Number of protein chains: 2
Amino acid sequence: MNTLLDDDIANLMRALGHPVRLSILRILAQRDSDCCCTDVTQMLPLAQSTVSQHIKVLLDAGLVERHAKGTRNCYKLRTDRLAQFGSACSGLFNGLSAEPAPIKELV
Amino acid sequence: MNTLLDDDIANLMRALGHPVRLSILRILAQRDSDCCCTDVTQMLPLAQSTVSQHIKVLLDAGLVERHAKGTRNCYKLRTDRLAQFGSACSGLFNGLSAEPAPIKELV
DNA sequence: CGTATTCATCGTTAAAGAGCGATAGAAGAA
DNA sequence: TTCTTCTATCGCTCTTTAACGATGAATACG
C-alpha cells in the first residue's frame, strides 16, 4: 500500500501539470515498447533538449522508467505508480467531498 | 459532460500541485460553510497574503468559490468541478494503462 | 579507423511561482 | 464619524520552470 502523503501527491500533480508531459505519457502508452526520445520529439513541436527535460521530470516523479537499448534510451510508463497515484487521487477527492465534520467526533 | 482537454487537466493539476493548496482544500472540506481567509490562515504557518494568493489560484482554477458575508469572504469547494476533475483523471489513467495500439486498427 | 545517431547535460534567457510586509478599501461596530 | 476587522492587491526578492542551441559521451555503422 504505502499510501501517498500530500507532498507526494503535490509532486505528482506538478509533474503532470504541463500539457506536453501529458502528451508524452499518452505517446508512451501507445508505443509502449522501444520508444526513445527522438520518437517522442518527432511527435511534438519542440526541440529534443526540451523533450528530454520533460521526460526527466516524469522520470524524477517515478512515472516513467528508462532502459538503454543500443545507442537509444527507451522509455515506458510505470503503470504501478500511475495506479498508485490514481487511487491516491480517488482518496483525495472522496475525502474532500465527504461531509463536513460533525460537532462531535464519532466513536 | 463537457470533458476536459489536456490543457484543462494540466491547469488543474498545477493548481493542486502544491501541498499548501491541498491543505486548504482539506480545511474547506471540513469547515465547509463560512470559512474565510483568516480562518484558513490560522491553521497554516503562513502569512495572510500568502494564503490569499493560494486561494486565488484555487479560485482561478474553478476549484473553489467565494461569497461575501459581511466584511468577510467565505470560500467553499466546488464539488462539481472536483468531481469533473476526478473523472477526467480516471479517464486519463485508464487511457494510459490501456493496451498499446495494435498494428491494425480494429473495425 | 572515421562517421553518424542518440541523448543527457550545460549555459542562457525569459517567464512564472512562492513568500513576505505594507497598504487601501469595504463593511461592521461603537 | 471613528475604529476595527477582513482581505485583495501591490511591490519586492528569490527560486523554479520552460525553452532553446551547443556540446560531449556513448554506441552503432561503414
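This structure is a prediction, so every number in the text was calculated from the model and none was measured. Lettering follows sequence order; numbering is per chain, from 1.
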Is the phosphate of D:dA8 approached by B:Ser52 (side-chain N or O, under 4.0 Å from OP1 or OP2)? yes

Carefully, step by step, assess A:Val64 and A:Lys76 under the rule side-chain contact (heavy atoms from CB on, under 4.5 Å). CA-CA 6 Å; A:Val64 148; A:Lys76 69 177 201 186; over 6 Å; no

What are the residues of residues 60-74 of chain A, sorted by number, that bring a heavy atom to within less than 4.0 Å of DNA chain C? A:Arg66, A:Thr71, A:Arg72, A:Asn73

Taking atom P of D:dA8 as reference, at what distance in whole Å does atom CG of B:Leu58 sit? 12 Å

Which donor-acceptor pairs under 3.5 Å do side chains of residues 46-55 of chain A form with protein atoms, sequence neighbours excluded?
unit_1, atom_1, unit_2, atom_2, d
A:His54, ND1, A:Arg21, NH1, 3.0

Nearest whole angstrom, please: distance from the P of C:dC7 to the CD1 of A:Ile24. 13 Å

Using whole Å, report how far CG of B:Asp39 lies from C1' of D:dC6. 11 Å

With distance as the sole test, does A:Arg14 use its side chain to make a donor-acceptor pair with the main-chain N or O of B:Gly17 at under 3.5 Å? yes

List in chain and number order the residues that pass side-chain hydrogen bond (donor to acceptor under 3.5 Å, both in side chains) with B:Asp6, two or more places apart in sequence or in another chain; answer none if no residue qualifies. A:Arg26

Are B:Val40 and B:Cys35 side-chain neighbours, meaning at least one heavy-atom pair lies under 4.5 Å? yes

Determine, for nucleotides 16-24 of chain C in 5'-to-3' order, which nucleotides have protein heavy atoms under 4.0 Å from the base (write B), from only the sugar-phosphate (write S), or from neither (write -). -SSSBBB--

Look at the side chain of A:Lys56 and decide which nucleotide, out of C:dT9, C:dC7, D:dT7, has an atom nearest to it. C:dT9

Residue pairs involving residues 37-46 of chain B (criterion salt bridge (Lys or Arg N to Asp or Glu O under 4.0 Å); sequence neighbours excluded): B:Asp39-B:Arg72

Donor-acceptor pair, distance only, cut-off 3.5 Å: does the side chain of A:Arg81 make one with the backbone of A:Ala61? yes

Where at least one partner belongs to residues 55-64 of chain A, residue pairs that pass salt bridge (Lys or Arg N to Asp or Glu O under 4.0 Å), sequence neighbours excluded: A:Lys56-A:Asp60

